[in-house]
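Below, each value reflects all heavy atoms present in this structure, side chains not excepted, and no hydrogens, waters or symmetry copies.
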Amino acid sequence: MRIEGSSPRQDGFWMPGEFEEQEGCMMIWPRRPGSWPFGAKEAGKAFARIANTLAETERVYMLVEAETEAAARSLLSERVKLFRIETDDAWARDVGPTFVTNGKEVRGVSWSFNAWGGSFDGLYPDWEKDDRVAGEFCEQAGYHWYEAAPFVLEGGSVHSDGEGTVIVTEACLLSRGRNPGLSREEIEGRLRDYLGAEKIIWLPHGIWQDETNEHVDNVCAFVRPAEVVLAWTEDREDPQYDYSKADLEVLEQERDARGRAFQVHKLLIPKKPVCIREEELAGFIFEEGEEKREAGERLAASYVNFYIGNEVVLLPQFGDEHDDKARQLLAALFPERRVVPMAAREILLGGGNIHCITQQIPAGRGGPAEG
């Protein structure tokens, strides 16, 4: 049920940290020909591996359509629950609800979605189905929800520590394709209202050439309050070096909502740039007005785009010599969880990674967890 006349902040709700206990995870089965080559067959296998792994320890909800339901069901564990909801693409993080809690009850927030930039620099021309996903999921799953529209935001553009601190990037939230009529201070006001934020940390950049206008979830993530991982490279010739250096300078100077300094762990990006191959490009079918890929294009590969489950951390792997270094660092940072390396190239081809195709649902009353 949609909540009228109030905001999460007014009702005492806030966005918890992703490392906190979860009720489950929402995903969307891949289909879009301009995102997933060769009929999304390999992408579907990658999505299924992620969903099935998570389903061992928490609920997983997969959104499907009439034409994808059979393929999804054939690869998914019986533990994964299917919801029939139409979408334009499969980025659950960005089109699904952002969930908030008051410590007992869980509610959803539906942002306005415009394909990462609308008519200014959006990635596809029709996003009406995606814009409805958050509310439709909450209705089917049984969560009360808030409508934040017309404020444009994606779930991948915010990270919360669950204690009042939210990290974002200037490149994304101040981009001209989202909320050009709002000032930085007004945008902060929306984040306070809908995420219960007390302190907003503005990093200058995300990952170089990230087509989402540099979402924060690809460059910096909380592992616990006052402690983050930051995508990093030691290669001064890499464009990412200046991006990450500027972000580090902000994190070293800032304090969180409770006055704590940040402990920053540098998480190396792949040593060798991950680029799209000619044979992979041949499998895409782009519609008019859709952002096209090019052979040799560098993709925004980052190990920061991991997913924290109740008992596991799903870590993207790229067949790079830094894969194992990333695993070792996260294993040290999450000793209470099992780090599961997941081959992620097929997801990266679509433009994002594991965190981008998943949306965690915090534990608490609301939705099917009551039944």
Side-chain angles (χ1 to χ4, degrees), residues 15-30 44-63 72 75-83 90-94 96-101 106 108 137 141 143 155-156 158-162 215-218 220-225 227-229 265 267 302-317 323 326-344 346-348 352-364 366-369:
M15 182 182 177
E18 295 181 21
F19 43 79
E20 298 182 47
E21 184 182 358
Q22 297 174 13
E23 186 269 328
C25 175
M26 175 196 135
M27 299 178 65
I28 303 170
W29 194 256
K45 294 176 184 177
F47 276 55
R49 286 193 295 270
I50 290 165
N52 292 341
T53 301
L54 289 174
E56 295 174 5
T57 57
E58 59 191 77
R59 295 175 185 260
V60 177
Y61 308 89
M62 184 69 72
L63 276 54
L75 292 174
L76 292 171
S77 161
E78 288 300 319
R79 293 174 176 267
V80 178
K81 183 176 179 59
L82 304 187
F83 278 4
W91 305 108
R93 175 69 48 178
D94 292 345
T98 297
F99 288 95
V100 293
T101 182
V106 173
F137 178 82
Y143 289 95
V158 292
H159 254 305
S160 172
D161 71 346
H215 272 182
V216 72
D217 74 341
N218 217 20
C220 185
F222 283 105
V223 297
R224 57 188 57 84
E227 192 169 352
V228 300
V229 290
H265 303 277
L267 185 54
S302 169
Y303 299 105
V304 175
N305 211 292
F306 55 81
Y307 181 85
I308 308 170
N310 280 335
E311 297 182 17
V312 297
V313 176
L314 304 186
L315 174 65
Q317 302 279 268
D323 282 4
R327 184 196 60 77
Q328 291 178 39
L329 176 58
L330 289 190
L333 294 176
F334 292 99
E336 73 287 0
R337 291 177 169 91
R338 178 169 55 96
V339 176
V340 183
M342 309 288 286
E346 295 298 331
I347 306 171
L348 183 62
N353 222 293
I354 296 174
H355 192 261
C356 303
I357 64 169
T358 50
Q359 177 60 279
Q360 77 280 349
I361 305 170

Only counting residues at least two apart or in another chain, list the ones meeting side chain to side chain contact (heavy atoms under 4.5 Å, CB included) with [X].
X: T57; result: E311
X: A90; result: I28, P30, W36, F47
X: P362; result: P16, F99, V106
X: A363; result: E21

Contacts of D323 meeting side-chain hydrogen bond (donor to acceptor under 3.5 Å, both in side chains) (sequence neighbours excluded), chain-then-number -> Y303
So, taking the atom named [atom1] in [X] and the one named [atom2] in [Y], what distance separates them when rounded to the nearest 0.5 Å?
X: M62; Y: K81; atom1: CE; atom2: NZ; value: 13.5 Å
X: N52; Y: K45; atom1: CG; atom2: NZ; value: 13.5 Å
X: L54; Y: L314; atom1: CG; atom2: CG; value: 4.5 Å
X: N353; Y: N218; atom1: CG; atom2: CG; value: 7.5 Å
X: E20; Y: D161; atom1: CD; atom2: CG; value: 8.5 Å

Quick one, D217 with V304, criterion side chain to side chain contact (heavy atoms under 4.5 Å, CB included). Give me CA distance, side-chain angles, the key distance, then yes/no.
CA-CA 7 Å; D217 74 341; V304 175; over 6 Å; no
Do you know which two heavy atoms are closest between [X] and [Y], and how far apart they sit?
X: A55; Y: V60; value: N-CG2, 3.6 Å
X: R327; Y: P341; value: CD-CG, 4.0 Å
X: Y307; Y: G24; value: OH-O, 4.0 Å
X: W29; Y: A72; value: CD2-CB, 3.6 Å
X: I354; Y: P316; value: CD1-N, 3.6 Å
X: M26; Y: P97; value: SD-CD, 3.9 Å

I want to check something: taking the side chain as every heavy atom from C-beta on, are [X] and [Y] in contact at a cut-off of under 4.5 Å?
X: T358; Y: R93; answer: yes
X: L76; Y: L82; answer: yes
X: D94; Y: Q359; answer: no
X: F19; Y: V223; answer: no

Salt-bridge present (E56, R79; N to O < 4.0 Å):
no
Give a yes or no answer on whether the side chain of [X] reaches the backbone of [Y] with a donor-acceptor pair at less than 3.5 Å.
X: N305; Y: C356; answer: yes
X: Q22; Y: I308; answer: yes
X: E227; Y: R224; answer: no

Are F83 and F137 an aromatic pair, judged by ring center distance below 6.0 Å?
yes
Centres of the H215 and H355 rings: under 6.0 Å?
no
Applying salt bridge (charged side-chain N to carboxylate O under 4.0 Å, His left out), can you list everything that pairs with R337, at least two apart in sequence or on another chain?
none
Show your working on side chain to side chain contact (heavy atoms under 4.5 Å, CB included) between I357 and W91 and close with a plain yes or no.
CA-CA 5 Å; I357 64 169; W91 305 108; 3.5 Å; yes
Worked check of side chain to side chain contact (heavy atoms under 4.5 Å, CB included) between L333 and V313
CA-CA 10 Å; L333 294 176; V313 176; over 6 Å; no
Passes side chain to side chain contact (heavy atoms under 4.5 Å, CB included), M342 versus T53? Steps please.
CA-CA 10 Å; M342 309 288 286; T53 301; 4.1 Å; yes
